[in-house]
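Since the model is a prediction, treat every value here as computed from it, not as a measurement. Proteins get letters first, then strands, A, B, ... in listed order; numbering begins at 1 in each.
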Amino acid sequence: MQRIINEPQNIVDDMIKGFSKAHSQTISTTSNPRVLKYSRAPVRGKVGIVTGGGSGHKPAFIGYIGKNLCDAVAIGEIFSSPPAKAFFHAFKAADSGKGVACLYGNYAGDNMNVKMAIEMAEDEGIEVKTVIANDDVPSAPKDQINKRRGVAGEVLMWKVGGAKATMGGSLDDVITIAQKAIDNTRSVGVGTDPCTIPEVGHPNFTIEEGKMEVGIGHHGEPGIKVVPLQTADELAQTMLDVILPDIPFNSGDEVVVLLSGLGATPVMELYILYSKVAEILNEKGINVYRSYVGDYFTSLEMGGVTLTLMKLDSELKECIDMPCESMGLTQL
Amino acid sequence: MQRIINEPQNIVDDMIKGFSKAHSQTISTTSNPRVLKYSRAPVRGKVGIVTGGGSGHKPAFIGYIGKNLCDAVAIGEIFSSPPAKAFFHAFKAADSGKGVACLYGNYAGDNMNVKMAIEMAEDEGIEVKTVIANDDVPSAPKDQINKRRGVAGEVLMWKVGGAKATMGGSLDDVITIAQKAIDNTRSVGVGTDPCTIPEVGHPNFTIEEGKMEVGIGHHGEPGIKVVPLQTADELAQTMLDVILPDIPFNSGDEVVVLLSGLGATPVMELYILYSKVAEILNEKGINVYRSYVGDYFTSLEMGGVTLTLMKLDSELKECIDMPCESMGLTQL
Amino acid sequence: MASFSNKNGVIITLDLIDIINANKQYLSDLDGLIGDGDHGINMSKGFSKAKKLIDETQDNLSSSLKILGTILIDEIGGSMGPIYGSMFLAFARNSKKHELIDEKVFSEMINNGLEKIVSLGEAKVGDKTLVDTITPAVRAFDEVIAKGESFATALEMMKIAAEKGRDSTKDMVAKKGRASRLGERSKGVLDTGAVSCCLILTSISESMNKML
Amino acid sequence: MASFSNKNGVIITLDLIDIINANKQYLSDLDGLIGDGDHGINMSKGFSKAKKLIDETQDNLSSSLKILGTILIDEIGGSMGPIYGSMFLAFARNSKKHELIDEKVFSEMINNGLEKIVSLGEAKVGDKTLVDTITPAVRAFDEVIAKGESFATALEMMKIAAEKGRDSTKDMVAKKGRASRLGERSKGVLDTGAVSCCLILTSISESMNKML
Ligand SMILES: Nc1ncnc2c1ncn2[C@@H]1O[C@H](COP(=O)(O)OP(=O)(O)O)[C@@H](O)[C@H]1O
Ligand SMILES: Nc1ncnc2c1ncn2[C@@H]1O[C@H](COP(=O)(O)OP(=O)(O)O)[C@@H](O)[C@H]1O
Ligand SMILES: [Mg+2]
Ligand SMILES: [Mg+2]
Ligand SMILES: [Mg+2]
Ligand SMILES: [Mg+2]
């Protein structure tokens, strides 16, 4: 993998520069170089939606800044949580006085930095509440569900939370439904090829040729098993076997399916996989209400996919259906 | 690169299956398994927009079927032109009686298959006119501009042609503006890593570590020079040096910039590159009216990028600004 | 005049299909050198499909060629679909009214096939394509017949001319197709289409000769 | 009671920064074994930035620690930003009112630092983190002082305890941080944070001892 970059240590800054130029209509820079915001934020009378996380997950996180999605995002180094100060400044950028919902993923660094940022916000009278995404089933057993990582399910959490905020929901309303969204969401990742943190210069994990890692994390965290590379049809079954029993998803349920590539896997292959996922769900009587197939939450140039299912009720449906506009997701 | 597929020879069929399931709201299958259409096509009173080409370029080509874009697409094997019959069936699926604009790229196979398809259409009284995209500057010198290949500039051609058709333009109107769009468009590709046709199983070209190929085609066709891998800043200059003098683009011009990844290159890197592209254009007094940065026209898992510029006038602007909705491009 | 019956000629089509399928990997590998490595794969897909259909119908030479040509055009695409498709359809069209295929009929078949290829692909001799194989082959056939030689001899000379034509592509710089982008770098390697075309013409020559 | 002046203590902070920067590659490589290979890189970014600022202001130990802690929290992120940031801020807060740093002040500094780390990261001894280095180090310091030994001796014993703590992580199964996902596979390798924390405490111990 050869990179199109300048100095590896400036990757994040350079990327932010390009991103804010390319989306100057909808994205504004802030006084903190590691915070970008929706140009209309803080949106009057609306709860602010903030997220943040390490870089290298395009479109996540900044790609979900926009209309009816996130108002401000704290940006970390590659695969590394943003500083507490960045989260704090994102809160400030998003708060219109109605409070801020910080919807982020369950990683040690993010937990600590958000915790400190909330203390800073309290000192300035900004009310912040959090929902911590933990949709990644293989990252911990069900009785330790709070230890699970957040992965591509975060996109659905932002979609739902962002929609509720636009509908005029209070901070508690937004937090409640974002929590419901993630509680109803399960994901599993499978890795087929590793990725490299640019400054490190070599992959910090390997996936043998002919093998795949089931349950891999969004930074290459080890999964639950390494097995021979499966066909797309087999893989669909393998992934659904991990997530379907966990809530569980049952016949009659309506779901959103989000199938995201991890980076290098061609989108063509996602569709091949999706075909079987949809077939199996159909056989089980699980109704696909809406599906998203594409690169929604990547890990640099890792090979592989994340499959995410969210069980819907009428309130979640309404939020999922709301139009939105951002680099990562635009929906009429 | 490990693939998530079933049988390599069924890749295209499997992908079509998944794609039509995932987008069942907007995409319909047709009696020809290698033709997909917009579910509302033929749109009454509207000129039909058809394209087609080899597979492996996601979102191209089927990802641009949708509202105010393409009505029907003929789908070929990986990197291989669709059969004449598929183009013909796409014409039939798109024609509402106002004729069909077939907007495709300049490849020998496509030229021959479209030619035969038009004969078939004539026999059935369907009027078809073509615009052949030839935006890829390095593929032939300017005095042989008709030999140039079509690459990512095709996306802009579809956008413009699709908008004009929706505005009620006649077949000649659509053809005229689509031709103007491509005449005002220039592209250059740079490859950093090769890709593999799944059935072949190994890359059929190589790019040495530490080198990059300037002018590479969308199927790995050799470029104009192999040079040491450049920084993003240098590369922006290299690419602009190829395309700016060709029309030429001058101070005071307004342009659309389309920066597309070729597959494996993380979108983060596209933004890093875009930052310098925008800076250089700005220095030259060329005004970026709109920019698209992302994976708009890929080549399986090839590493690298295509940079496309389109010079605008008020008519093209109107077409570029029109909302549209498809898997590859949704614009409010 | 020597001839064979159209009715018995299905084997000619089946033979050439077998030859192409047997050379699938070789043709792809060759294409890999200066093309994209899929020539054998592309060809074999269409040829195998046609074989099934022909096996089912087992009509005559013309109808089997029509099946092959139609499948190439309808389902195969690429450059080979229209080029070889048009060629086989031309072969079919020019033979279908004849119960017996003699040198005159065969000459019409291949001349019209060549015409179709050239009008579609616009390649000239020297462009490093299959046109470099088929053009001298067709000319050799006609010349030998004009000299009063037998159908069998003309078929034999056609084969030799095709081989020579194929070999001539080695030192050419490609002007058409994917390899043309390579410029000088395309020298030193046979053109894959020239090779597959030679396989087809050789197979036809040998199968027909067995039937005369 | 032995002590040194806060004013002259800037060198202590500069020394530990140098040590971390010198071990940038080593710490990253170590992190690569069971983490994501960026520990040295992450640390070095913040530490280098702080060094510049400290060089410019050259005030006293407390202010230099505050600069370091603030930069880690404001600009570095990851896990190390808040953890080491909080630790250095605690060191700064507990020393800033004192012109002279003696064993009592120092004990308050490191005890409060440890508290902050634990309240933030919720790691316990045995979880294979830097807590395994700093916890025994702080305890050793206090115990040695309680026994009536000198500040210098206590610093020396703190260093030895830190080293022991660091080594104890080798055979642990990680319970916190990235490596915890590896389960049993995390055994057999030192924890990178435990190593960097030992470097920091060792540097502090040695720099202070030179000033006593
Ligand atoms: N315009 C043309 N006329 C005749 N033959 C051509 C033309 N262009 C290409 N060819 C033949 O096609 C062959 C390549 O076929 P194939 O590999 O199946 O298609 P592709 O190049 O689309 O992958 C070349 O070796 C050449 O002989
Ligand atoms: N909850 C925690 N409490 C204390 N230390 C921790 C905790 N989580 C991780 N660490 C320390 O952080 C180190 C890894 O730091 P670093 O590589 O910079 O961060 P990251 O894991 O985010 O890449 C580990 O070696 C461990 O000592
Ligand atoms: Mg990290
Ligand atoms: Mg091909
Ligand atoms: Mg080929
Ligand atoms: Mg690390």
Side-chain angles (χ1 to χ4, degrees), chain A residues 1-7 11 14-19 21-22 55-56 58-59 63 67 190 192-193 207 209-210 212 229-233 235 259 263-276 278-279 288 291-295 298 300-301 303-305 323 325 327 330-332, chain B residues 1-7 11 14-19 21-22 55-56 58-59 63 67 190 192-193 207 209-210 212 229 231-233 235 257 259 263-276 278-279 288 291-295 298 300-301 303-305 323 325 327 330-332:
Chain A
M1 189 66 209
Q2 307 202 93
R3 295 198 183 281
I4 299 172
I5 59 174
N6 298 307
E7 294 303 316
I11 276 187
D14 287 352
M15 178 267 288
I16 292 172
K17 254 197 280 175
F19 187 86
K21 283 182 202 171
S55 295
K58 279 282 121 336
K67 197 173 161 187
V190 166
T192 57
D193 286 285
I207 299 172
E209 191 74 18
M212 61 179 207
L229 186 66
Q230 298 179 341
T231 65
D233 285 357
L235 182 56
L259 189 58
T265 294
V267 173
M268 179 179 69
E269 298 178 25
L270 303 182
Y271 282 110
I272 293 175
L273 181 60
Y274 178 78
S275 182
K276 189 69 181 181
E279 185 186 315
V288 179
S291 59
Y292 299 98
V293 180
D295 288 344
T298 64
L300 294 169
E301 68 286 350
V305 291
E325 186 183 21
M327 172 251 158
T330 295
Q331 187 172 305
L332 295 186
Chain B
M1 189 64 210
Q2 306 203 96
R3 294 196 184 284
I4 299 172
I5 59 173
N6 298 307
E7 294 303 314
I11 277 187
D14 287 352
M15 178 267 290
I16 291 172
K17 255 198 281 175
F19 187 84
K21 283 183 202 172
S55 294
K58 278 282 118 344
K67 195 172 161 190
V190 166
T192 57
D193 286 285
I207 299 171
E209 190 73 20
M212 61 180 207
L229 186 67
T231 65
D233 285 358
L235 181 55
V257 181
L259 190 58
T265 294
V267 173
M268 178 181 70
E269 298 178 25
L270 302 182
Y271 282 111
I272 293 175
L273 181 59
Y274 179 77
S275 182
K276 189 69 180 183
E279 184 185 316
V288 179
S291 59
Y292 300 98
V293 180
D295 288 344
T298 65
L300 294 169
E301 68 287 351
V305 291
E325 186 184 21
M327 172 250 158
T330 295
Q331 187 171 306
L332 297 184

Smallest separation among heavy atoms of A/S275 and B/K21, with atom names: O-NZ, 2.8 Å
Considering only heavy atoms and a distance below 4.5 Å, find which of B/D14, B/T265, B/L235, B/I272 pairs most often with chain A. B/I272
A/E7 versus chain B, the contacting section by heavy-atom distance below 4.5 Å: neither
Most heavy-atom pairs under 4.5 Å with chain B, out of A/S291, A/G18, A/G263, A/G304, belong to A/G18
Tell me the closest heavy-atom pair linking A/M327 and A/P59, and the distance in Å. SD-CB, 3.9 Å
Against chain B, work out which of A/L332, A/L300, A/V288 has the most heavy-atom pairs shorter than 4.5 Å and name it. A/L332
Whatever's closer than 4.5 Å to a heavy atom in chain B on A/L229 counts as side chain
Looking at A/A278, A/G303, A/A264, A/S55, which one has more heavy-atom pairs under 4.5 Å with chain B than the rest? A/A264
What option among A/G294, A/P266, A/G56 has the most heavy-atom pairs under 4.5 Å with chain B? A/P266
Which heavy atom of B/A22 sits nearest a heavy atom of A/Y271, and at what distance? CB-CE2, 3.8 Å
Identify which part of B/T298 has an atom lying under 4.5 Å from any heavy atom of chain A, answering side chain, backbone, both or neither. neither
Among the options B/T192, B/L259, B/I4, pick out the one with the most heavy-atom pairs lying under 4.5 Å from chain A. B/I4
Is chain B contacted by the side chain of A/T330, its backbone, both, or neither, given a heavy-atom distance below 4.5 Å? both
Assert top hit (heavy-atom pairs under 4.5 Å, partner chain A, pool B/V305, B/D295, B/D233) equals B/D233
Does any backbone or side-chain atom of A/L273 lie under 4.5 Å from a heavy atom of chain B? Answer side chain, backbone, both or neither. side chain
Name the option with the most non-hydrogen atom pairs under 4.5 Å to chain A; the candidates are B/V190, B/I16, B/I11. B/I11
So A/M15 and A/K58, side-chain contact (heavy atoms from CB on, under 4.5 Å) or not? Walk me through it. CA-CA 10 Å; A/M15 178 267 288; A/K58 279 282 121 336; 3.9 Å; yes
Counting heavy-atom pairs under 4.5 Å to chain B, which of A/V267, A/N6, A/T231, A/D193 comes out on top? A/N6
Is a side-chain N or O of A/Q2 found less than 3.5 angstrom from the main chain of B/E209, in a donor-acceptor match? no
If you count heavy-atom pairs within less than 4.5 Å of chain B, which of A/E301, A/M268, A/E269 leads? A/E269
